[in-house]
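Model, not experiment: these values are computed from the prediction. Each chain gets a letter, A, B and so on, in the order the sequences are listed, and its residues count up from 1.
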2 protein chains.
Amino acid sequence: MREYYSITELTREFDISTRTLRFYEDEGLIQPVRRGRTRLFRPSDRHLIRQIMRGKRLGFSINEIREIIQMYREPPGEVGQLKLMIKRIEEKREDLRQKRRDLEETLGELDQLEESCVERLVELGVTT
Amino acid sequence: MREYYSITELTREFDISTRTLRFYEDEGLIQPVRRGRTRLFRPSDRHLIRQIMRGKRLGFSINEIREIIQMYREPPGEVGQLKLMIKRIEEKREDLRQKRRDLEETLGELDQLEESCVERLVELGVTT
DNA sequence: CACGCGATTTACGTAAAAGTCAATTGAGCG
DNA sequence: CGCTCAATTGACTTTTACGTAAATCGCGTG
C-alpha cells in the first residue's frame with residue numbers, strides 16, 4: 001500500500017481534473033494532508049474518491065454523496081447518535097433499492113426492445 | 001385506459017412542475033397533442049414521463065434519456081439501422097450494468113456500516 | 001542561479017436543468 | 001357577458017458541478 005498519491009496521479013486514475021479534486025476538497029468530501037501547500041493524498045483519500053465516483057455514476061448529488069461519506073467518518077459512541085445513524089443508513093438503502101428497481105425495469109425494457117429488433121432482422125432474412 | 005391527461009394531473013402524479021413538462025417537450029422528449037394551445041397528454045406520453053423519471057433517478061442526463069427514448073420511437077426497417085440500434089442498446093445496457101455493480105458495492109458497504117453500528121450498540125448493552 | 005514544471009490560489013465563466021415571474025389566453029359557468 | 005381559474009408563453013434567475021485563465025510558488029536539475 002502506497003503512502004501518498006499526487007494529485008495528477010489520481011486525476012489520471014479516475015479520469016477527472018485537478019479542479020475537480022480541489023472542488024471536492026472545498027466541499028469537504030476529501031481532506032488530503034499537505035506538505036507545504038502541496039496536497040498529498042493517502043490511500044483513504046483514494047478510497048473516498050472511488051466512493052465519490054461511484055456515487056456520481058449512480059446520480060447522487062455532491063450533497064447526497066457528502067451525506068454518505070460523513071457516515072463513514074464519524075463512528076459515534078453515543079446510543080442516540082448510533083440509532084439515528086442506523087436510520088439514515090436505512091434511508092440511503094431504500095434510495096438505492098429504488099434505483100435498483102428502476103435499473104431492472106429499464107434493463108427489462110431494453111431487453112424487449114432488442115428482442116424485437118432481432119425478430120425484425122430474422123423476418124428480413126438476416127442470419128444472426 | 002384514459003384518453004387524455006391534463007398537465008396538472010401529471011405534475012401531481014409524478015411530483016414535478018408544469019415548467020418541467022414543458023421543458024421536456026421543448027427538449028423533444030414528449031410530444032403531447034393540442035386542443036387549441038392546451039396540451040393533452042396521452043397514455044403513451046404518460047409512459048414516456050415514467051421512463052424519463054426513472055432515467056433521472058438513475059442519473060441519466062436529458063440527452064442520455066433522449067437517446068433511450070428515441071430508440072423506442074423509431075422501429076427501423078432497414079438492416080443496417082437495426083444492427084446499429086442493437087449496438088446502441090447493448091451500450092446502454094453496459095452502462096446500466098456498471099451502475100448495477102456500483103449499486104451493489106454501495107449497498108454492500110452500507111450493510112457493513114450498519115452492522116458495525118449494531119455491534120457497537122450491543123457493546124453498549126442496548127437490546128436491539 | 002536560472003529554468004522548467006507541476007501545484008496552488010483566486011476569480012470569473014458556463015452548461016444543464018429547471019425555478020420564478022409577468023403577461024396573456026381561453027374554456028366553462030352563473 | 002363578466003368572472004374565474006387553469007394553461008400558455010417568454011424572459012429572466014438560480015443552482016450544481018465543475019472549466020478556464022492568470023498569477024504565483026517551490027523544488028529539482030543542468
Separation of [X] atom [atom1] from [N] atom [atom2], in whole Å?
| X | N | atom1 | atom2 | answer |
| --- | --- | --- | --- | --- |
| B:Glu9 | D:dA6 | CD | C1' | 12 Å |
| A:Leu10 | C:dA7 | CG | C1' | 14 Å |
| A:Phe14 | D:dC18 | CZ | C1' | 18 Å |
| B:Tyr4 | C:dA27 | OH | C1' | 17 Å |
| A:Arg34 | C:dT8 | CZ | P | 6 Å |
| A:Leu21 | D:dA17 | CG | C1' | 13 Å |

- OP1, OP2 of D:dA17 versus side-chain N and O of A:Arg22: anything below 4.0 Å?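 A:Arg22 to D:dA17 OP1/OP2: no side-chain N or O under 4.0 Å.
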
Report the residues that fulfil salt bridge (charged side-chain N to carboxylate O under 4.0 Å, His left out) with [X], sequence neighbours left out, ordered by chain and then residue number.
| X | result |
| --- | --- |
| A:Glu91 | none |
| B:Arg19 | none |
| B:Glu64 | none |
| A:Arg37 | none |

- Does a donor on one side chain and an acceptor on the other come within less than 3.5 Å for B:Gln70 and B:Arg73?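 Per modelled atom types, B:Gln70 and B:Arg73 side chains form no pair under 3.5 Å.
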
- Give a yes-or-no answer on whether the side chains of B:Gln98 and B:Asp102 include a donor-acceptor pair shorter than 3.5 Å.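 The answer is yes; a qualifying pair exists.
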
- Task: For B:Glu104, enumerate each residue passing the side-chain hydrogen bond (donor to acceptor under 3.5 Å, both in side chains) test, keeping only those at least two apart in sequence or located in another chain.
- Result: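 Scan of B:Glu104 (side-chain hydrogen bond (donor to acceptor under 3.5 Å, both in side chains), adjacent residues dropped) gives A:Arg100.
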
- Which part of the nucleic acid, if any, lies within contact of A:Thr18, taking any heavy atom under 4.0 Å across all strands shown: a base, the sugar-phosphate backbone alone, or nothing?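 Contact class for A:Thr18: none.
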
- Closest nucleotide of DNA chain D for B:Glu25 versus for A:Asn63: which of these residues is on the 5' side?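 Nearest nucleotide further toward 5': that of B:Glu25.
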
- Query: By side-chain contact (heavy atoms from CB on, under 4.5 Å), which residues pair with B:Ser6, not counting sequence neighbours?
  - Reply: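 By the side-chain contact (heavy atoms from CB on, under 4.5 Å) rule, B:Ser6 matches B:Thr8, B:Glu9.
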
- Is A:Val33 isolated, or which residues cluster with it under the ILVMFWY side-chain rule of less than 4.5 Å, directly or via members?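 Same cluster as A:Val33: A:Tyr4, A:Leu40.
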
Write down the protein N/O and nucleotide N/O pairs, taken from nucleotides 18-25 of chain C, whose separation is under 3.5 Å; answer none if there are no such pairs.
unit_1 : atom_1 : unit_2  : atom_2 : d
C:dA18 : OP1    : B:Lys56 : NZ     : 2.7
C:dA18 : OP2    : B:Tyr24 : OH     : 2.8
C:dA18 : OP2    : B:Lys56 : NZ     : 3.1
C:dG19 : OP2    : B:Ser17 : OG     : 2.5
C:dG19 : OP2    : B:Thr20 : OG1    : 2.9
C:dG19 : N7     : B:Arg19 : NE     : 3.4
C:dG19 : O6     : B:Arg19 : NE     : 3.4
C:dG19 : O6     : B:Arg19 : NH2    : 3.3
C:dT20 : O4     : B:Arg19 : NE     : 3.2
C:dT25 : O4'    : B:Arg37 : NH2    : 3.3

- Residue-level proximity of residues 38-54 of chain A to DNA chain C when a heavy atom falls under 4.0 Å: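 Listed by number, they are A:Thr38, A:Arg39.
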
